[in-house]
Amino acid sequence: MSFSARNQKGSKRPLPLGPHLLLQVPRSNYLHFQEEKQRLHLKKFLLHRMFLVAKIQAKAERKDVADYYEQVFQSVLKHHLGETVTGLLLIYPTSILHILESSSDTLYQVLLDYIGHDKDETEFFIQQMKIIVISHNIPMRLFMQWHVSVIKVPVMYLDDVTQSQSLKEVITDFLTQTHKLSLYLCKTMKVGTKGPGDNLHQVAPDLLLPEQIITYLCKSEEFMDPATFINMYNRPIHIILDSEVVWPPPSRF
């Protein structure tokens with residue numbers, strides 16, 4: 001007897017959808033569904049990705065650095081609901097590498113908070129911050145949440161490449177390595193996981209940037225510090241229209 005015929009002769013009550021039916025969904029498909037659901041939830045505004053480097057004081061507790069950013073994100077979210085920050089914070093012995101993904105307003109507020117501390121506190125534990133690059137209107141996030149990893153073992157090249165390479169070559173290495181690391185973490189970390197933890201130097205040592213590069217970029221004058229960037233960001237843009245141009249210019253005589 002077909003299902004349709006049985007349905008017509010049977011009870012009018014709908015068939016119960018018990019929990020046993022959910023168990024028939026393959027786990028891999030369910031995780032994929034959860035990830036796609038999370039991606040759609042996160043992408044409600046134009047996305048931007050910002051790469052930061054900075055020095056940290058030797059006496060600074062690594063936990064204090066992570067706690068500081070968590071507090072900043074919570075404060076910003078009160079005024080920018082739904083504009084979640086995702087990314088990765090790598091805390092080296094004397095420096096940090098920070099990748100942030102969110103809206104332009106949220107990233108703007110994160111920079112403003114740092115500027116306030118840097119201006120008012122002579123001993124603020126995050127110093128010499130530089131903005132390496134900002135990617136605008138990115139199609140998707142590389143990270144599903146914000147992760148922190150403490151690099152306890154010094155990561156250094158035997159030969160200091162910053163002494164033998166040009167700035168262009170150094171920044172190319174920086175972007176290449178960070179992109180490879182981001183893709184690796186994107187593929188290996190799932191929704192709800194705690195992140196890479198503090199053993200990245202063991203599971204992906206070839207993908208970690210040597211600290212010499214981060215220190216070198218912090219000292220470089222080719223990159224903007226947050227205060228300079230914010231001043232430029234707030235500066236009005238004066239566009240001269242063709243109709244405003246007088247040609248030939250009037251004679252002074």
Side-chain angles (χ1 to χ4, degrees), residues 28 31-32 35 38-39 42 47-58 60-63 65-66 69-70 85-102 126-135 138-220 222-223:
S28 60
L31 290 176
H32 177 73
E35 290 177 358
Q38 180 75 352
R39 291 185 190 279
L42 291 174
L47 278 173
H48 310 279
R49 183 179 299 122
M50 180 167 61
F51 294 79
L52 302 172
V53 295
K55 297 280 291 179
I56 56 175
Q57 292 183 346
E61 293 290 337
R62 305 304 177 258
K63 184 177 182 299
V65 179
Y69 277 109
E70 286 184 349
V85 177
T86 58
L88 175 67
L89 172 62
L90 296 181
I91 306 178
Y92 289 79
T94 62
S95 62
I96 62 172
L97 164 60
H98 204 177
I99 305 173
L100 296 168
E101 300 172 328
S102 192
I126 302 176
Q127 301 173 343
Q128 293 182 261
M129 181 178 290
K130 291 295 177 62
I131 302 171
I132 303 304
V133 67
I134 300 179
S135 302
I138 57 178
M140 61 179 293
R141 295 176 186 257
L142 286 175
F143 304 93
M144 299 301 293
Q145 52 199 76
W146 184 70
H147 302 284
V148 180
S149 182
V150 177
I151 312 300
K152 298 179 180 179
V153 178
V155 180
M156 303 181 72
Y157 285 154
L158 294 179
D159 297 325
D160 190 352
V161 296
T162 61
Q163 301 296 322
S164 59
Q165 294 182 346
S166 66
L167 176 61
K168 182 178 180 180
E169 292 172 325
V170 172
I171 195 61
T172 299
D173 285 345
F174 171 88
L175 295 175
T176 301
Q177 285 295 98
T178 52
H179 186 67
K180 288 181 178 179
L181 176 62
S182 300
L183 289 178
Y184 168 80
L185 296 176
C186 179
K187 294 178 181 179
T188 57
M189 292 189 301
K190 301 299 181 182
V191 176
T193 58
K194 295 183 179 181
D198 297 340
N199 63 339
L200 265 180
H201 61 280
Q202 295 176 341
V203 298
D206 296 337
L207 299 180
L208 289 177
L209 274 172
E211 193 170 18
Q212 298 113 310
I213 288 184
I214 298 175
T215 303
Y216 172 78
L217 295 177
C218 290
K219 296 178 180 179
S220 176
E222 297 295 325
F223 302 100

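Remember, it's a predicted structure, so these values are computed and weren't measured experimentally.
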Kindly compute the distance separating [atom1] ([X]) from [atom2] ([Y]), expressed to the nearest 0.5 Å.
X: Ser95; Y: Ile213; atom1: OG; atom2: CD1; value: 11.0 Å
X: Thr176; Y: Ile171; atom1: OG1; atom2: CD1; value: 9.5 Å
X: Glu222; Y: Leu217; atom1: CD; atom2: CG; value: 11.0 Å
X: Ile151; Y: Leu208; atom1: CD1; atom2: CG; value: 5.0 Å
X: Ile138; Y: Met50; atom1: CD1; atom2: CE; value: 11.5 Å
X: Thr94; Y: Ile214; atom1: OG1; atom2: CD1; value: 8.5 Å

Is it true that a side-chain atom of [X] and a backbone atom of [Y] form a donor plus acceptor pair closer than 3.5 Å?
X: Arg62; Y: Val150; value: no
X: Arg141; Y: Gly87; value: no
X: Gln128; Y: Val53; value: no
X: Lys55; Y: Cys218; value: no

Check [X] against [Y] and note the closest heavy-atom contact, atom names and distance.
X: Glu101; Y: Leu142; answer: OE2-N, 2.9 Å
X: Gln57; Y: Gln127; answer: NE2-NE2, 3.2 Å
X: Trp146; Y: Glu70; answer: CZ3-CG, 3.4 Å
X: Gln177; Y: Asp206; answer: NE2-O, 2.9 Å
X: Ile126; Y: Met129; answer: CG2-CE, 3.9 Å

Evaluate the side-chain proximity of [Y] to [X]: yes if any heavy-atom separation is below 4.5 Å, no if none is.
X: Leu90; Y: Leu200; result: yes
X: Ile132; Y: Leu52; result: no
X: Leu209; Y: Tyr92; result: yes

Notebook entry, point to check: Which is it for Asp173 and Gln165 under the side-chain contact (heavy atoms from CB on, under 4.5 Å) test, yes or no, and what are the steps along the way?
Noted result: CA-CA 10 Å; Asp173 285 345; Gln165 294 182 346; 3.0 Å; yes
Query raised in the report: If you draw a 6.0 Å radius around CD in Glu169, do more than 12 non-hydrogen atoms from other residues or ligands fall strictly inside?
Result: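 Counting other residues, nucleotides and ligands, CD of Glu169 exceeds 12 neighbours.
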Item checked: Results of ring-ring contact (aromatic ring centres under 6.0 Å, His included) for Tyr69 - residues two or more places apart only ->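 Per chain and number, Tyr69 pairs via ring-ring contact (aromatic ring centres under 6.0 Å, His included) with His98.
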Quiz: residues 178-186 side-chain donor-acceptor pairs under 3.5 angstrom, not counting sequence neighbours:
| from | atom 1 | to | atom 2 | distance (Å) |
| --- | --- | --- | --- | --- |
| Thr178 | OG1 | Phe174 | O | 2.8 |
| Thr178 | OG1 | Leu175 | O | 3.1 |
| Ser182 | OG | Thr178 | O | 2.7 |

* Please step through side-chain contact (heavy atoms from CB on, under 4.5 Å) for the pair Leu167 and Phe223, ending with a clear verdict. => CA-CA 11 Å; Leu167 176 61; Phe223 302 100; 3.9 Å; yes
The salt bridge (charged side-chain N to carboxylate O under 4.0 Å, His left out) partners of Lys63 (sequence neighbours excluded) come to Asp67
